[in-house]
Amino acid sequence: HTRFTCDWSSDVCSSDLHEFPVEFAIASTQIGGRPTFSAFIRDITERKQAEEALHASEARFRAAYHNASVGISISDLTGRLQEVNQALCEILGYSQQELLAKDFQSLTHPDDLPGNLDRIRGLLTGAVAHEVFEKRYIRKDGRTVWTQVGLSVIRSRDETPSHLLAMVQDITERKQAEKADRKS
């Protein structure tokens, strides 16, 4: 007995000459000394549409992430930065590679760190869904930059926290203007 199996995807035509993607398998065997072939064909149109929709969604997210006018970071639950966009690099004065070697704790002004950690604990326990607050970062050049941060937790399918998502906007000019107004 010779057995031959082949799996691949192809586009085939239906009776109305409409093309659609299929997946099929062909098996060969001997019956009564004669080769016999069996073919199994499955329409995979829905799977291909889902793959295309996922690809388009990922492309939109990448474009929004990389072209955003606010800084965006994704960190693990220990605070180690795993992804950063160019806007965050500009706010903090670091290259992408330099930021990816850091955690948010080392970038946060020491006076703001305890409150920042308390907010994260609240997010991780589910006590709050997201936080928006002001905090200071220390730039690479040593200067302090005031920011407004939107912080939320990214959860896995089973709803356990997996990452932290931060949206960071530089509000240093506004804080300086407020300070000048108070003085005058």
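By convention here, the first residue in the shown sequence is residue 1.
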Mind checking the [atom1]-[atom2] spacing from [X] to [Y]? Nearest 0.5 Å is all I need.
X: Q86; Y: I72; atom1: CD; atom2: CD1; result: 12.0 Å
X: S73; Y: K102; atom1: OG; atom2: NZ; result: 14.0 Å
X: D112; Y: R136; atom1: CG; atom2: CZ; result: 4.0 Å
X: S152; Y: M167; atom1: OG; atom2: CE; result: 8.0 Å
X: Q148; Y: D170; atom1: CD; atom2: CG; result: 11.5 Å
X: E131; Y: N116; atom1: CD; atom2: CG; result: 9.5 Å

State, with a plain yes or no, whether a side-chain heavy atom of [X] is found less than 4.5 Å away from one of [Y].
X: F37; Y: S28; answer: yes
X: L100; Y: V84; answer: yes
X: I91; Y: Y137; answer: no
X: V153; Y: L165; answer: no
X: S75; Y: D103; answer: no
X: I138; Y: T108; answer: no
X: L123; Y: V128; answer: yes
X: L124; Y: L77; answer: yes

| query | What's in the same ILVMFWY side-chain cluster as W146, cut-off under 4.5 Å, chained through other members? | reply |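 Hydrophobic cluster check, W146: joined to I171.
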Nearest heavy atoms of [X] and [Y], plus distance in Å:
X: A87; Y: A68; result: CB-O, 3.7 Å
X: K48; Y: P21; result: CG-CG, 3.7 Å
X: N85; Y: G71; result: OD1-CA, 3.4 Å
X: V145; Y: L92; result: CG1-CD2, 4.1 Å
X: S162; Y: S156; result: OG-N, 4.1 Å

| said: Starting from V70, can I reach L164 by hopping between I/L/V/M/F/W/Y residues whose side chains sit under 4.5 Å apart? | reply: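 Not linked; separate clusters.
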| task | Check step by step if side-chain contact (heavy atoms from CB on, under 4.5 Å) holds for I74 and I154. | result | CA-CA 9 Å; I74 297 175; I154 299 171; 4.3 Å; yes
| request: List the steps, then state whether side-chain contact (heavy atoms from CB on, under 4.5 Å) holds for I26 with F40. | output: CA-CA 7 Å; I26 300 175; F40 302 94; over 6 Å; no
Would a distance-only check, ignoring hydrogens and angles, find a side-chain to backbone donor-acceptor pair under 3.5 Å from [X] to [Y]?
X: R139; Y: E90; value: yes
X: R119; Y: H130; value: no
X: E98; Y: S95; value: yes
X: S57; Y: A53; value: no

| field | Listed once per pair and sorted, the side-chain hydrogen bond (donor to acceptor under 3.5 Å, both in side chains) pairs that draw on residues 34-44, sequence neighbours left out | value |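 Residue pairs passing side-chain hydrogen bond (donor to acceptor under 3.5 Å, both in side chains), neighbours aside: E23-R42, D43-T45.
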| message | Go through it in stages, so that I can follow the logic: the residues are F104 and V168, the test is side-chain contact (heavy atoms from CB on, under 4.5 Å), and I'd like the CA-CA distance, side-chain angles, deciding distance and then a yes or no. | response | CA-CA 12 Å; F104 81 85; V168 180; over 6 Å; no
| task | Assess whether salt bridge (Lys or Arg N to Asp or Glu O under 4.0 Å) is satisfied between R174 and E178, documenting all intermediate values. | result | CA-CA 6 Å; R174 185 188 87 199; E178 289 171 359; 3.3 Å; yes
| Got a sec: does the CD of E58 have more than 12 other heavy atoms crowding it under 6.0 Å? |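 Yes, enclosed.
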| query | Which is it for L81 and L107 under the side-chain contact (heavy atoms from CB on, under 4.5 Å) test, yes or no, and what are the steps along the way? | reply | CA-CA 11 Å; L81 297 172; L107 299 165; 3.8 Å; yes
| Checking K135 against F133: charged group under 6.0 Å from the ring centre and within 45 degrees of the axis? |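 No cation-pi geometry.
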| field | Listed partners of D181 passing side-chain contact (heavy atoms from CB on, under 4.5 Å), at least two apart | value |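 Residues passing side-chain contact (heavy atoms from CB on, under 4.5 Å) with D181: none at all.
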